[in-house]
Number of protein chains: 2
Amino acid sequence: MDQNSLPPIQTTARDDAVLKALVGFVRAEALQPGERLPTERILAERLKVSRNTVREALTRWEGLGLVERRQGSGTYLKAAVSPDMLHMPLTLAGGNDFTSLMQTLEIRRALEAEAAALCAERASQADIAEIARKLDIMEQAFRTREGMSSEEDWEFHQAIYRVSGNPLFEQIIAAMHELFHRFWEHPLGVRDFGHASFPYHRTIYECIAARDPQGARAEALKLIATVEDDLKRGAAKLKLSSQT
Amino acid sequence: MDQNSLPPIQTTARDDAVLKALVGFVRAEALQPGERLPTERILAERLKVSRNTVREALTRWEGLGLVERRQGSGTYLKAAVSPDMLHMPLTLAGGNDFTSLMQTLEIRRALEAEAAALCAERASQADIAEIARKLDIMEQAFRTREGMSSEEDWEFHQAIYRVSGNPLFEQIIAAMHELFHRFWEHPLGVRDFGHASFPYHRTIYECIAARDPQGARAEALKLIATVEDDLKRGAAKLKLSSQT
DNA sequence: GTGGTCCAATGGTCCAACCAATTTCTGCAT
DNA sequence: ATGCAGAAATTGGTTGGACCATTGGACCAC
């Protein structure tokens with residue numbers, strides 16, 4: 001017997017049902033992000049459930065960033081909803097903590113390499129031209145400002161994720177990038193943070209233009225490795241300075 | 001008199017305060033994942049807030065995957081908590097269609113390979129023994145039930161993610177695993193789905209036990225490749241059957 | 001042991017208020 | 001009419017109390 005043939009019975013799932021009904025409502029009314037959805041009291045009455053249950057459901061959506069509640073005003077849609085959304089709550093310990101940054105880099109290393117390889121496989125001529133444009137902008141910003149510009153750098157990488165044909169790359173890395181950003185602004189005392197990664201942007205591009213997935217993957221790995229080195233240097237420096 | 005002994009009345013953000021207090025409690029008691037935390041009624045009484053407020057707070061933690069509630073039993077810690085956790089709730093508009101599943105597989109391929117490699121680098125003897133145990137259970141389930149058991153298979157992979165030392169692997173892949181589960185409920189007519197992946201579980205383990213990161217990475221890639229093939233076969237079959 | 005029954009503990013839901021922030025309306029002075 | 005301060009209505013946030021459904025252990029008869 002296959003235990004999968006006996007799915008666990010589910011007698012109650014009130015708040016889940018509320019959310020499902022709410023998805024249906026949003027679609028039926030074609031609600032756009034920013035619009036207000038019915039008050040908790042109305043929802044409770046219409047769905048024939050307690051207001052508490054409605055609140056628990058909305059609390060879940062609020063935690064997922066799908067909705068925003070304003071006391072005295074109402075509850076507002078914050079993002080598009082669809083019947084089969086995939087929720088990926090990521091939690092990592094510590095903010096500027098070295099370990100968590102290193103952990104995000106391990107994830108990014110895996111995804112960046114894969115995205116670069118896929119990009120090299122799938123890029124059209126137009127895609128390659130677009131990436132070249134972002135690369136030029138980044139390189140020019142690097143020369144005029146004499147240092148890595150996180151803004152233009154990010155644009156370049158995003159172009160690669162987009163061309164990879166898989167939107168998940170951009171979304172996942174974007175979530176972690178946000179975390180990285182605050183720290184990027186004021187690096188850990190490493191003056192030329194990210195400097196070493198500069199040349200690899202062009203080598204990645206050249207591999208993509210040459211339709212060389214393995215090369216693109218290798219160059220992406222080298223790029224992340226330089227960032228990891230910078231991070232380790234910064235951590236060592238920080239450790240020294242905190243030893244009074 | 002110590003003014004710290006006066007519980008400051010925050011007019012707003014009650015449930016946030018509850019979570020902060022809960023973080024303090026978990027650290028003070030050194031609660032490990034899997035352990036039970038106080039009942040809602042006790043928390044409400046101790047923190048001098050309503051039980052509903054406690055519930056809203058716990059609902060948020062449940063949504064973040066930090067905690068699991070079992071009716072009639074209690075609320076259990078599911079992950080380590082720290083005062084300065086960073087949450088990145090990421091919701092993706094997915095679907096049960098072939099394309100979405102393929103996209104999640106591309107992400108999983110990247111992460112699975114990296115996790116296997118890191119695991120091979122970092123595994124202690126105890127870790128290796130634990131993975132061997134999960135592997136045995138899985139192989140036995142395979143033989144007795146003559147087919148891949150998603151439950152035991154998942155346990156094996158989770159063990160690898162855990163040993164990798166980076167909780168993000170488990171978190172991200174777990175979210176995508178959930179999506180796959182839905183799909184498994186509605187099988188695409190491929191009877192022996194996942195069958196081909198079976199032998200690679202042992203080869204991955206052997207590479208890990210031999211502390212061979214590159215080998216582990218290669219075997220993990222082969223495993224994912226078999227799943228991709230199964231998926232493609234299922235999609236082709238579905239396409240045929242839908243052509244009336 | 002095995003299988004039942006009972007019972008206390010616990011999360012899930014409900015109700016009916018009241019509080020706090022916000023928005024809307026009202027009415028008066030200009 | 002206009003502007004604006006204050007009242008009133010609206011809405012999310014909180015409270016306390018009650019009951020239901022599930023769980024898991026204790027106890028008992030067989």
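Just so it is clear: chains get the letters A, B, ... in the order the sequence lines come, proteins before strands, and each one is counted from 1. The analysis underlying the following values was restricted to heavy atoms, covering all of them including side chains, and did not include hydrogens, waters or symmetry mates.
- Along DNA chain D, the nucleotide nearest A/N52 and the nucleotide nearest A/R70 are compared for position; the residue whose nucleotide lies closer to the 5' end is A/R70.
- A cation-pi contact links B/R70 to B/Y76, judged by a cut-off of 6.0 Å to the six-membered ring centre and 45° from its axis.
- Separating the CZ atom of A/R36 from the C1' atom of C/dT22 is a distance of 11 Å, rounded to the nearest angstrom.
- The side chain of A/S73 sits closest to C/dT22 out of C/dG12, C/dC14, C/dT22.
- Distance CD (B/E40) to C1' (D/dT23): 15 Å, rounded to an integer number of Å.
- For A/H177 and A/H157, the ring centers are positioned 6.0 Å apart or more.
- The distance between atom CG of B/D16 and atom C1' of D/dT14, rounded to the nearest whole Å, is 15 Å.
- Look at CZ on A/R55: it is 17 Å from P on C/dG12, rounded to the nearest Å.
- At most 12 non-hydrogen atoms from other residues, nucleotides or ligands lie less than 6.0 angstrom from CZ of A/R46.
- By the ring-ring contact (aromatic ring centres under 6.0 Å, His included) test, B/Y200 pairs with no residue at all, sequence neighbours left out.
- Between the P atom of C/dA9 and the OH atom of B/Y76 lies a distance of 15 Å, rounded to the nearest Å.
- Side-chain N/O atoms of B/T53 include one lying less than 4.0 angstrom from OP1 or OP2 on D/dT15.
- In this structure, the CD1 atom of A/I42 is 10 Å from the C1' atom of D/dT10, given to the nearest Å.
- Distance A/R14 CZ to D/dC20 P: 14 Å, rounded to the nearest Å.
- One can place CZ of A/R41 at 16 Å from P of C/dC14, the figure rounded to the nearest angstrom.
- When distances run from any side-chain atom of B/Q71 to the nucleotides C/dT13, D/dG12, D/dT22, the shortest one goes to D/dT22.
- One donor-acceptor pair, N or O on each side, does fall under 3.5 Å between the base of D/dG13 and the side chain of A/R51.
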